[in-house]
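First listed ligand is number 1; within each ligand, the first listed atom is number 1.
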Amino acid sequence: MKIIYSERHRLHHGEREMYRGQLVPCFEKPERAQFVYDAVKERKVGEILEPKEFPVSAIERVHAPRYIRFLEQAWDLWTAQGYTNDALPAVWSIRGHRDDIEPENFSGKLGLYSYDSGTPLMAGTWAAVKTGADIALTAQELVTGGERAAFALSRPPGHHAGRDFMGGYCFVNNAAVAAQGFRDHGAERVVVLDVDYHHGNGTQSIFYERSDVMFLSIHGDPRTEYPFFLGHANEIGNGEGVGYNKNYPLAAGSSNALWFDALGDAVRRINDYRADALVISLGVDTFADDPISKFQLREPEYRKLGAQLAALKLPTVFVLEGGYAVAEIGHNVAHVLQGFEDAG
Ligand SMILES: NCCCCCC(=O)NO
Ligand SMILES: [Zn+2]
């Protein structure tokens, strides 16, 4: 399969994130994409291409223009106040507050558009994020054009980013941008399947009222696992979207058998939905040795996952999400992609 990658991801290299009450070095770092690049290249998974550039309007198909304007201008606004360190929020809009008025104060703006203090914004963040969306759209365009599958090797990840908020290391929802790209180019029904350890709260919230994009997610139970506030089994969609959202929360430490039971049910639902295209939010923080997650997947499971996705026989875009066991992330991603390719 074709792989889309750009060195411009390096423009986003946050210094520190708030973790358990302390500012610690960022888990989401440039080496992650480097290791994935090295592994897919070494294993000859496919030709590696640079992304095409798309208009920012393609991002605004799923994100609020005022949020995108903020992302574009944030670093200049921050440094205009004399700061040079990464911007991290310290105050948030929460229940009972208003979110229809954007504060003039930068900290207020940043808090309006954030939901955690783990997602530092720095000089090159917007450039890297825009390229990440271009990577996802390039993958979607290739698959719409006839490629069986493509891998969007993008960072920072995106599945926690909602219509108008960032968080969980995510700014623009690359998987949602790709899903909408499929919809805007002939696909009637699109599935986003999120196999990252963490619930794709951003992706769910973007498509929650829609029946043309079905969202399914297998993840650590939000009662104990990040992002905590969305991802329960009783979230089934709203309005038009009722029945088109499916969550499989699994207890931390769940067995691979349980994980694949969930995948089996998701596959059945995807087949019943008669999708025209499939987007996989491919996080490999489900890895047994991941430093911040608690599932048990290893190479055999990643290859099995790839094979079961191939059996759907759908035009497929894989979008990189999480995975923090940096030395192994590349191999784990490659195992999924090779499992998919080998299943033919
Ligand atoms: N800072 C809290 C943990 C963020 C998890 C990010 C992730 O891997 N999401 O899939
Ligand atoms: Zn994750």
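Within D285, the N/O/S atom positioned nearest the Zn ion (ligand 2) carries the name OD2. For D196, the N/O/S atom at the shortest distance from the Zn ion (ligand 2) is named OD1.
Closest approach of D116 and Y226 over heavy atoms only: OD2-OH, 2.6 Å.
Donor-acceptor pairing under 3.5 Å is lacking for the side chains of E235 and N245.
Put simply, H198 gets within reach of the Zn ion (ligand 2), with an N, O or S atom under 2.8 Å from it.
In the displayed structure, R223 atom CZ is contacted under 6.0 Å by at most 12 heavy atoms of other residues, nucleotides or ligands. Atom CZ of R66 has more than 12 heavy atoms from other residues, nucleotides or ligands within 6.0 Å.
The only member of K2, R148, K44 that meets salt bridge (Lys or Arg N to Asp or Glu O under 4.0 Å) when paired with E341 is R148. With Y324 as the partner, the ring-ring contact (aromatic ring centres under 6.0 Å, His included) test is satisfied by one option alone out of Y169, Y197, F287: Y169.
The protein residues lying under 4.0 angstrom from ligand 1, judged by non-hydrogen atoms, are E17, H159, H160, G168, Y169, D196, H198, Y226, D285, Y324.
No single ILVMFWY cluster, assembled from side-chain heavy atoms under 4.5 Å apart, contains both I270 and V279.
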